[in-house]
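These notes are about the structure you will find just below.
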Amino acid sequence: MVRGRITGLAVSDVRFPTSLGHHGSDAMHPDPDYSAAYVVIETDARDGLKGYGLTFTLGKGTEVVVCAVNALSIHVVNKDLEEIVSDFRGFYRQLTSDGQLRWIGPEKGAVHLATAAVLNAVWDLWAKQEGKPLWKLLVDMDPKQLLSCIDFRYITDALTEEEAHEILQNGLLGKTEREEQVLKHGYPAYTTSCAWLGYPDQQLKQLCTDALKDGWTRFKVKVGADLQDDIRRCRLFREMIGPDKTLMLDANQRWEVKEAIEWVTKLAEFKPLWIEEPTSPDDILGHAAISKALAPLGIGVATGEQCHNRVIFKQLLQAKALSYLQIDSCRLGSVNENLSVLLMAKKFQIPVCPHAGGVGLCELVQHLIIFDYISVSGSLENRMCEYVDHLHEHFKYPVVIQKASYVPPQDAGYSTEMKEDSVRKFQFPQGEIWQKLLSKP
Ligand SMILES: C[C@H](O)[C@@H](O)CC(=O)C(=O)O
Ligand SMILES: [Mg+2]
């Protein structure tokens with residue numbers, strides 16, 4: 001039973017100095033400090049439960065998102081949780097339609113990242129009050145309730161509410177078996193942690209050796225800064241993993257459309273499954289052109305981690321611009337908007353392979369993809385969820401990986417809660433870690 005009035009919302013700027021070790025680096029983000037605008041909501045309910053939410057950012061970007069969260073808080077504080085979840089579509093619409101704030105969106109950029117952080121906290125609290133991990137809360141909802149969380153505005157030309165209902169209704173068939181299956185075997189994952197762009201070859205080799213020993217069979221390599229480097233690194237990687245394991249490439253938006261086609265053609269000998277973010281995330285027709293040109297080489301296009309919202313995903317699907325759809329738990333408007341994208345992907349028969357390269361993204365997105373498997377897609381074919389081996393130690397309920405698969409979380413909530421000590425130490429700029437770093441000459 002949902003309960004309580006939201007009495008407070010606090011937001012912190014939490015940054016991890018990952019750029020010092022080039023962790024998370026790519027062709028466009030050479031110095032990423034994995035960071036989060038971290039939200040905590042409290043209620044007046046006697047249970048003492050709090051909701052924790054975050055959105056993923058990089059360093060300086062965090063302060064802008066923190067401001068946006070504060071600006072949105074007026075829509076949250078003093079609201080009854082029951083009121084929110086009984087009309088979640090309406091609440092989502094309220095947050096994303098603020099007449100003044102939407103001018104700096106709408107549903108994109110800092111204000112949408114802030115929406116994600118706030119709503120992620122609400123979902124965490126709801127799941128905690130129900131005593132279920134978020135994936136299970138979703139799996140146990142009936143189709144009508146799930147639909148009542150989704151704002152279908154701007155996507156009905158691709159997916160109507162009636163079609164979405166039919167998808168969810170069909171998803172009921174075999175649901176129990178799939179839940180048992182995923183609880184037993186986990187959800188398949190791939191790793192990006194061996195081959196960030198700033199890692200020297202020696203480190204890459206060592207990490208790849210370790211990952212192979214740990215049973216990883218799917219790997220992503222960063223490319224896009226220098227063709228000769230890419231050829232060398234891809235060759236090295238392919239030789240180490242052998243011909244049968246899966247290799248993916250990620251350019252993080254580095255190229256022009258024509259350049260992307262030419263560059264990736266030169267890497268085709270390494271048999272990548274996909275090229276991720278070959279060009280601007282806003283360029284739908286560019287992605288379509290790249291997809292068409294690379295299809296004869298057996299290379300698909302993957303994108304989504306910087307797709308603003310469901311409308312961009314809709315167009316990517318309509319334009320046949322992608323072969324793998326990468327939802328992100330913290331860029332889209334939380335669970336609500338991700339549900340609409342999962343349903344569109346199902347309708348267009350495009351596999352969802354979530355993005356998780358960032359702090360906390362693995363913790364959150366595992367819930368969405370496990371739900372997707374059980375209740376929407378019903379399939380594991382061509383599907384896997386990204387895993388990066390960074391910063392899990394700062395979370396109270398960190399992800400568990402076994403045999404290169406995500407083990408479904410059992411703790412109640414959305415796995416969003418960070419350890420208090422970590423938040424204190426890594427808060428920017430007052431945390432002790434930053435005080436030390438900033439005082440260095
Ligand atoms: C800046 C991030 O680390 C980004 O490179 C992550 C990413 O593209 C991915 O995980 O995919
Ligand atoms: Mg990527």
Side-chain angles (χ1 to χ4, degrees), residues 15-37 54-62 65 113 189-199 204 207 211 216 218-225 230 233 237 246-255 260 264 272-283 287 290 299-308 312-313 316 322-332 352-366 368-369 383-392 399 401 406:
R15 306 186 192 181
F16 299 92
T18 39
S19 64
L20 296 176
H22 304 288
H23 312 306
S25 57
D26 63 50
M28 297 295 267
H29 311 101
D31 56 352
D33 281 336
Y34 274 8
S35 309
L54 62 89
T55 192
F56 170 57
T57 50
L58 293 181
K60 291 193 284 282
T62 319
V65 181
L113 292 169
Y190 75 87
T191 177
T192 306
S193 291
C194 305
W196 297 114
L197 203 72
Y199 284 178
L204 190 144
L207 289 168
W216 289 95
R218 308 173 187 98
F219 303 83
K220 192 162 84 186
V221 170
K222 294 285 175 177
V223 295
D230 290 351
R233 283 156 52 89
F237 226 85
T246 307
L247 179 67
M248 281 86 67
L249 307 179
D250 187 357
N252 289 89
Q253 314 157 23
R254 183 59 183 245
W255 304 309
V264 178
L273 176 69
W274 76 50
I275 176 66
E276 181 172 322
E277 289 203 297
T279 192
S280 162
D282 298 353
D283 189 353
H287 277 82
I290 297 166
I299 304 171
V301 166
T303 194
E305 67 183 71
Q306 289 209 262
C307 272
H308 306 303
I312 302 285
F313 276 116
L316 285 164
L322 81 178
S323 307
Y324 302 90
L325 186 151
Q326 299 177 301
I327 55 162
D328 184 296
S329 54
C330 292
R331 182 166 296 277
L332 292 184
V352 176
C353 298
H355 169 243
V359 58
L361 298 184
C362 300
E363 271 71 18
L364 276 73
V365 89
Q366 60 176 339
L368 302 181
I369 200 63
R383 288 153 207 274
M384 51 191 151
C385 185
E386 183 175 18
Y387 175 72
V388 297
D389 197 8
H390 309 296
L391 307 171
H392 303 295
V399 284
I401 296 284
Y406 279 89

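Whatever order the structure lists them in is the order used to number ligands and atoms, beginning at 1.
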Checking contacts here: is it the side chain or the backbone of Glu305 that comes within 4.0 Å of ligand 1, counting heavy atoms only? Could be both or neither. side chain
For Trp196, take its heavy atoms, then give the atoms of ligand 1 lying under 4.0 Å from any of them. 3 (O), 5 (O)
If only side-chain N and O atoms count, and only distance matters, is there a donor-acceptor pair under 3.5 Å linking Gln253 with Glu277? yes
Heavy-atom nearest pair, Pro30 first then Ser25, reads O-CB, 3.8 Å
Run the salt bridge (charged side-chain N to carboxylate O under 4.0 Å, His left out) test on Asp33 and Arg15 for me, step by step, so that the C-alpha distance in whole Å, both residues' side-chain angles and the decisive distance to 0.1 Å come before the verdict. CA-CA 6 Å; Asp33 281 336; Arg15 306 186 192 181; over 6 Å; no
Tell me, which protein residue and heavy-atom name are nearest atom 10 (O) of ligand 1, and how many Å apart are they? Glu386 OE2, 2.6 Å
Presence of N, O or S from Glu386 under 2.8 Å of the Mg ion (ligand 2): no
May I ask you to check whether His29 has an N/O atom sitting below 3.5 Å from an N/O atom of ligand 1? no
Over all heavy atoms of both residues, which pair between Cys307 and Leu332 is shortest? Give the atoms and the distance, please. O-CD2, 3.8 Å
Closest protein heavy atom to atom 11 (O) of ligand 1, given as residue, atom name and distance to 0.1 Å: Lys220 NZ, 2.7 Å
N/O/S atom name from Asp250 that is nearest to the position of the Mg ion (ligand 2): OD2
Locate the shortest heavy-atom distance separating Ser193 from His390; write the atom from each residue and the value. OG-NE2, 3.7 Å
For Asp250, which part has a heavy atom under 4.0 Å from ligand 1: side chain, backbone, both, or neither? side chain
Rounded to the nearest 10 degrees, what's the angle OE2 of Glu276 makes with OE1 of Glu305 at the Mg ion (ligand 2)? Could you check? 100°
Would you call Arg331 and Glu305 a salt bridge, taking side-chain N to carboxylate O under 4.0 Å as the test? no
Are any of the heavy atoms in Glu276 under 4.0 Å away from ligand 1? yes
Considering only heavy atoms, which of Ala27, Pro354, Gly357 lies nearest to atom 6 (C) of ligand 1? Gly357
Distance-only side-chain donor-acceptor flag, His308 / Asp282, under 3.5 Å: yes
Would you mind checking which non-hydrogen protein atom is closest to atom 5 (O) of ligand 1, with the distance to 0.1 Å? Asp26 OD2, 2.4 Å
shortest atom 2 (C) of ligand 1-to-protein heavy-atom contact is with Gly24 O, 3.5 Å
Note: Gln326, heavy atoms under 4.0 Å from ligand 1, region reported as neither
CA sep, side-chain torsions, deciding dist, call: Phe219, Phe237, ring pair (Phe, Tyr, Trp, His ring centres under 6.0 Å): CA-CA 9 Å; Phe219 303 83; Phe237 226 85; 5.6 Å; yes
Pair Tyr387 and His392, ring centroids less than 6.0 Å apart: yes
Note the single closest protein heavy atom to atom 7 (C) of ligand 1, along with its residue, its atom name and the distance in Å. Lys222 NZ, 3.0 Å
Phe16 ring center near His23 ring center (under 6.0 Å): no
